Trainee: 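What follows is a structure written as structure tokens; I'll ask about it next.
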Amino acid sequence: MKTVIGTDITFAKLLLEKDELVAIPTETVYGLAGNALSPVAVTKIFEVKNRPSFNPLILHIKSIDEIEKYAIVKSEYYQFLQEFMPGPFTILLPKRDNIPDILTAGSDKVAIRVPQHPLTQQLLHHLDFPLAAPSANPFGYVSPTSAQHVYENLQNKIPYVLDGGEATIGIESTIAEIKNDQLIIHRLGGKSVENIQEHSILPVILVTQTAKFQTSGQLKSHYATSTPLYLGNVAELIYQQAGKKIAVISFYTDYSGTNVTTFPLSTHRNLTEAAATLFKTMREIDQLNFNIIIAEHFPEEGLGRAINDRLKRAQFIYRDETNVDSKQ
Ligand code: TXA
Ligand code: MG
């Protein structure tokens, strides 16, 4: 199957109506989309992404008004949910029966998101069904933030990539759940904890460290480059790894020297900008001839928390044998 990149919403709609998959732009990362109400299309997503079927998919809807069609939510929560949606925020709610079990991997909860990207908004308005979409990377690899990234990974596996330019936020949505009148954050992401706390009428709890929710990201590496990545004190790691060709991912500091090239994510020292360039930089480094990547810890505030989360999971120590690349 030849993969085409374009901006034709009518063509994308036509394909989706035939249970074909289309990569779609969102403000966080590109998604691999199919008709969420069609088990055939949802099955294709799992196959193309090579994703284990126990890992559920996010439901993408055109507006918050549609939440009630697919999930159960108390009316008093609408107002504060409107502060976050549309945007880089996903809410986990009890699902209704029209959501196929395969989408939620058998769970009675569904994760719902309203993406803000204008092209995908337009597409959703043209469709009479919502879209299931995981990030459009092969399972375990870095998420795509441009149509070109998707093309490099899924070429010949899907018919169409809807090109909406570079993702502005560049890191996946924050995933939260309303439970016992608390807002529980399960995945750090594009909407910062501080921002959520500011607008939430419910107490905000962070459980991203618990093992229970991390069905996939914990032991095996996730968001990972093929080049082994080490996270920690950069100067020490450079010393330990002397002799290798090293790429450093830093916030703004320049660690360059013999055999060491620095890729600062934001010379302006801005964590939002750093988040927007993280995945693009990881992919760029992966295409160059480095033996290893060393990354520093970012400040634990704003989007720095989500950056640290992704870097932790990308670490070499979390890889299993089958996943180890022999580039060293
Ligand atoms: O920004 C994003 O969220 C992107 C764009 C494309 O929307 N999507 C994304 O999807 O990151 P994915 O599949 O790569 O990550 C979604 C995460 C997975 O870790 C999955 O386990 C969790 O959300 N998830 C989805 N549905 C769930 C459910 N019903 N219960 C618990 N976790 C769920
Ligand atoms: Mg993903």
Side-chain angles (χ1 to χ4, degrees), residues 29 50-52 55 134-135 137-145 149 153 170-172 174-175 185-190 206-251 253 255 259-266 271 274-301 303-328:
V29 299
N50 204 5
R51 175 167 172 142
N55 197 353
S135 48
N137 50 290
F139 183 66
Y141 195 63
V142 183
S143 297
T145 55
H149 290 166
N153 291 156
I171 208 153
E172 299 85 351
T174 302
I175 302 181
I185 298 182
H186 290 292
R187 178 175 76 179
L188 295 163
L206 261 175
V207 297
T208 53
Q209 300 311 321
T210 63
K212 187 174 155 273
F213 189 77
Q214 290 171 352
T215 42
S216 59
Q218 190 62 328
L219 291 174
K220 277 193 182 177
S221 64
H222 228 69
Y223 310 102
T225 45
S226 330
T227 317
L229 184 146
Y230 298 83
L231 175 66
N233 182 301
V234 176
E236 264 175 36
L237 287 166
I238 289 177
Y239 179 75
Q240 282 167 16
Q241 303 280 350
K244 294 194 175 143
K245 213 165 167 266
I246 300 171
V248 175
I249 296 179
S250 77
F251 185 13
T253 309
Y255 294 96
N259 284 330
V260 180
T261 310
T262 310
F263 295 78
L265 296 188
S266 171
L271 288 168
T277 43
L278 174 68
F279 290 157
K280 186 177 146 184
T281 306
M282 287 167 79
R283 281 173 176 263
E284 185 189 334
I285 293 171
D286 234 2
Q287 305 218 327
L288 301 169
N289 258 329
F290 289 101
N291 300 122
I292 60 161
I293 303 170
I294 293 174
E296 69 179 354
H297 287 286
F298 282 64
E300 268 289 307
E301 61 187 43
L303 296 194
R305 294 177 206 252
I307 295 174
N308 286 333
D309 173 79
R310 302 304 188 268
L311 288 172
K312 269 183 211 156
R313 291 167 198 246
Q315 283 177 101
F316 188 56
I317 51 167
Y318 287 140
R319 297 186 194 192
D320 67 8
E321 248 111 74
T322 54
N323 207 1
V324 173
D325 193 74
S326 55
K327 253 188 176 176
Q328 289 200 71

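A quick note: this is a predicted structure, and the numbers were derived from the prediction, not measured.
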Trainee: Under the side-chain hydrogen bond (donor to acceptor under 3.5 Å, both in side chains) rule, collect the residues that match up with Tyr141, sequence neighbours excluded.
Mentor: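 side-chain hydrogen bond (donor to acceptor under 3.5 Å, both in side chains) check on Tyr141 returns Asp286.
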
Trainee: Got a sec, which residues hit ring-ring contact (aromatic ring centres under 6.0 Å, His included) with Tyr255, two or more places apart in sequence or on another chain?
Mentor: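 Partners of Tyr255 under the ring-ring contact (aromatic ring centres under 6.0 Å, His included) test: none.
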
Trainee: Tell me the closest heavy-atom pair linking Pro144 and His149, and the distance in Å.
Mentor: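 Shortest heavy-atom separation between Pro144 and His149 comes out as CB-CB, 3.5 Å.
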
Trainee: I'd like to know if Asp309 and Arg305 make a salt bridge, using a cut-off of under 4.0 Å between side-chain N and carboxylate O.
Mentor: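 Salt bridge: no.
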
Trainee: Just how far is it from atom NZ of Lys245 to atom OG1 of Thr227, taken to the nearest 0.5 Å?
Mentor: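 Result: 10.5 Å between the selected atoms.
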
Trainee: Can you tell me how far the OG atom of Ser266 sits from the CG atom of Leu303, to the nearest 0.5 Å?
Mentor: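 Ser266 atom OG to Leu303 atom CG measures 11.5 Å (nearest 0.5 Å).
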
Trainee: Just to verify, what does Phe298 make a ring-ring contact (aromatic ring centres under 6.0 Å, His included) with, not counting sequence neighbours?
Mentor: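 Result, ring-ring contact (aromatic ring centres under 6.0 Å, His included) vs Phe298: Phe251.
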
Trainee: Are the side chains of Lys244 and Asn259 in contact, using a 4.5 Å heavy-atom criterion?
Mentor: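 In short, these two side chains do not touch, never coming nearer than 4.5 Å.
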
Trainee: If you round to the nearest 0.5 Å, how far is NE2 of His297 from CG of Leu311?
Mentor: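 Taking CG in Leu311 and NE2 in His297, the distance rounds to 9.0 Å.
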
Trainee: Which pair of non-hydrogen atoms, one from Pro228 and one from Phe316, has the smallest distance, and what is that distance?
Mentor: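 Of all heavy-atom pairs spanning Pro228 and Phe316, the closest is CB-CD1, 3.4 Å.
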
Trainee: Using only atom types and a distance under 3.5 Å, with no angle test, would you say the side chain of Gln287 pairs donor to acceptor with the backbone of Glu284?
Mentor: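 No, the answer is negative, given that no donor and acceptor are paired below the 3.5 Å cut-off.
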
Trainee: For Val260, give me all partners under side-chain contact (heavy atoms from CB on, under 4.5 Å), at least two apart in sequence or on another chain.
Mentor: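 Val260: side-chain contact (heavy atoms from CB on, under 4.5 Å) contacts with Ile238, Ile246, Val248.
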
Trainee: First locate atom CD1 of Ile249, then atom CD of Glu296, and finally report the distance between them rounded to the nearest 0.5 Å.
Mentor: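 Separation between the atoms: 10.0 Å.
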
Trainee: Does Phe263 reach the side chain of Leu288, with side-chain heavy atoms less than 4.5 Å apart?
Mentor: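 They are in contact (side-chain heavy atoms under 4.5 Å apart), so the answer is yes.
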
Trainee: Under the rule for side-chain contact (heavy atoms from CB on, under 4.5 Å), what residues qualify as partners of Leu237, not counting sequence neighbours?
Mentor: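 With sequence neighbours excluded, Leu237 shows a side-chain contact (heavy atoms from CB on, under 4.5 Å) to Tyr230, Gln240, Ile294, given in chain and number order.
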
Trainee: Who pairs with Ser135 by side-chain hydrogen bond (donor to acceptor under 3.5 Å, both in side chains), at least two apart in sequence or on another chain?
Mentor: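 Once residues adjacent in sequence are excluded, the partners of Ser135 under the side-chain hydrogen bond (donor to acceptor under 3.5 Å, both in side chains) criterion are Lys49, Asn137.
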
Trainee: Could you pull out all residues at least two apart from Glu301 that satisfy side-chain contact (heavy atoms from CB on, under 4.5 Å)?
Mentor: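 For Glu301, the residues satisfying side-chain contact (heavy atoms from CB on, under 4.5 Å) (neighbours in sequence not counted) are Glu194, Leu271, Pro299.
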
Trainee: From Leu265 CG over to Met282 CE, what is the distance, rounded to the nearest 0.5 angstrom?
Mentor: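 Here the interatomic distance stands at 10.0 Å.
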
Trainee: Which heavy atom of Thr174 sits nearest a heavy atom of Gly190, and at what distance?
Mentor: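 The answer is OG1-N, 3.5 Å.
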
Trainee: Is there side-chain contact between Asn55 and Phe139, with heavy atoms separated by less than 4.5 Å?
Mentor: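 Yes, side chains in contact.
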
Trainee: Do Thr225 and Ile285 come within less than 4.5 Å of each other through their side chains, counting heavy atoms only?
Mentor: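 No - every pair of side-chain heavy atoms lies 4.5 Å or more apart.
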
Trainee: Under the rule for side-chain hydrogen bond (donor to acceptor under 3.5 Å, both in side chains), what residues qualify as partners of Glu236, not counting sequence neighbours?
Mentor: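 Partners of Glu236 under the side-chain hydrogen bond (donor to acceptor under 3.5 Å, both in side chains) test: none.
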
Trainee: Kindly give the heavy-atom pair with the smallest separation between Phe279 and Gly170, and that separation in Å.
Mentor: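 Looks like CD1-O, 3.2 Å.
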
Trainee: Measuring from atom NE2 of His186 to atom CG of Leu206, what distance do you get when rounded to the nearest 0.5 angstrom?
Mentor: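 Between His186 NE2 and Leu206 CG, I get 11.0 Å after rounding to 0.5 Å.
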
Trainee: Show the nearest heavy-atom pair for residues Ala275 and Ile307, with the distance to one decimal.
Mentor: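 Of all heavy-atom pairs spanning Ala275 and Ile307, the closest is N-CD1, 3.6 Å.
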
Trainee: Holding to side-chain contact (heavy atoms from CB on, under 4.5 Å), I want the full list of residues that pass it with Pro264, two or more places apart in sequence or in another chain.
Mentor: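 If we apply the side-chain contact (heavy atoms from CB on, under 4.5 Å) test to Pro264, skipping adjacent residues, the hits are Ser250, Thr262, Thr267.
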
Trainee: Write down the atom of Arg283, the atom of Asn153, and the distance for their closest heavy-atom approach.
Mentor: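 In terms of heavy atoms, the two residues are closest at NH2-OD1, 2.7 Å.
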
